[in-house]
Amino acid sequence: MSIRHTAKARRGAAAAALAAGFALAVAGCGGGDKGQSEENPSERSASAEEPESESGGEGAEDSKASEPIAELGGESGMQLSIHSVKRDAGGFVTVNGAVRNTGKKGYFDTPAWRGNEKELVSNGYSLGGAALVDQKGKKRYYVLRDTEGRCLCTTGITKVEPGEEIPVFVQFPAPPEGTTEVEFSLPTFDSATVEITE
């Protein structure tokens with residue numbers, strides 16, 4: 001047999017061995033899932049380790065709660081549902097909820113929600129006019145801001161169409177630990193007393 005034929009035979013044997021090894025590997029990976037669809041092992045382990053979906057952030061998650069803790073009536077059929085008022089470890093309180101236009105005539109304009117403070121007005125549409133009032137401690141808490149003066153709250157809502165519901169959130173400095181009840185207010189809505197939870 002010539003050198004050329006020997007090299008060809010070796011390449012063929014190596015290819016056959018590789019194919020057989022690959023077939024065994026595939027067969028070994030196929031079992032154990034009992035009828036579940038096959039997926040990439042790295043995707044399986046990543047999805048198994050992930051907590052439940054938090055898409056939309058904390059505000060969106062809480063605003064989908066079944067029972068609001070407070071409902072505030074507003075102008076022209078607007079309604080604000082508050083779903084949670086949580087004290088966070090970082091020294092702030094987050095109010096989560098949703099605004100809904102229950103009116104039938106046209107959309108509702110929202111510029112009043114940002115309040116009349118010059119810095120907040122210049123930053124565009126927001127819920128920057130919201131406030132928490134600690135009646136016992138006789139203190140009013142305004143919305144937190146970032147280093148550029150923008151409120152830590154929902155922004156960009158210019159109008160709310162009839163039937164539309166939009167999740168919202170607002171963050172405030174936390175009242176003292178002993179304070180569990182505060183009054184929440186937002187321009188154009190009634191105010192309501194709400195309980196701070198941990």
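Positions are given from 1 along the sequence. FYI, side chains are in, hydrogens and waters are out, and symmetry mates aren't considered; it's all heavy atoms of this structure.
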Applying ring-ring contact (aromatic ring centres under 6.0 Å, His included) to Tyr125 and not counting sequence neighbours gives none

Contacts satisfying disulfide (SG to SG under 2.5 Å) that involve residues 147-198 (not counting sequence neighbours) are Cys151-Cys153

In this structure, CZ of Phe172 is separated from OH of Tyr142 (nearest 0.5 Å) by 11.0 Å

Could you check whether any side-chain N or O of Ser126 sits under 3.5 Å from a backbone N or O of Gly128, counting only pairs where one atom can act as donor and the other as acceptor? yes

When every non-hydrogen atom of Pro162 is compared with those of Gly103, the smallest separation belongs to CB-O, 3.4 Å

The complete set of salt bridge (Lys or Arg N to Asp or Glu O under 4.0 Å) pairs with one or both residues in residues 176-198, sequence neighbours excluded, reads Arg87-Glu198

Practice task
For residues Val182 and Tyr141, determine if any side-chain heavy atom of one lies less than 4.5 Å from a side-chain heavy atom of the other.
Solution key: no

Sequence neighbours excluded, the answer for side chain to side chain donor-acceptor pair (under 3.5 Å) partners of Thr154 is none

Residue pairs meeting salt bridge (Lys or Arg N to Asp or Glu O under 4.0 Å), one or both in residues 120-131, sequence neighbours left out, come to none

Expected list for residues 106-113: side-chain donor-acceptor pairs under 3.5 angstrom, two or more places apart:
residue	atom	partner	partner atom	Å
Thr110	OG1	Ile157	O	2.3
Thr110	OG1	Thr158	O	3.3
Trp113	NE1	Thr188	OG1	3.0

Those residues at least two apart in sequence (or on a different chain) that pass side chain to side chain donor-acceptor pair (under 3.5 Å) with Arg150 are Asp146, Glu148

Residue pairs passing the salt bridge (Lys or Arg N to Asp or Glu O under 4.0 Å) test with at least one member in residues 133-143, sequence neighbours excluded, are none

For Val133, the hydrophobic cluster (side chain heavy atoms closer than 4.5 Å, chained through members) also holds none

One should read off an interatomic distance between Leu186 CG and Leu127 CG, to the nearest 0.5 angstrom, of 5.0 Å

Residue set satisfying side chain to side chain contact (heavy atoms under 4.5 Å, CB included) with Thr102, at least two apart, ordered chain then number -> Gln79, Arg100

Residues at least two apart in sequence or cross-chain that pass side chain to side chain contact (heavy atoms under 4.5 Å, CB included) with Ala70, listed by chain then number, are Leu72, Ile82, Ala192, Val194

Residues pairing under disulfide (SG to SG under 2.5 Å) where one sits in residues 106-143, two or more places apart or in two chains, turn out to be none

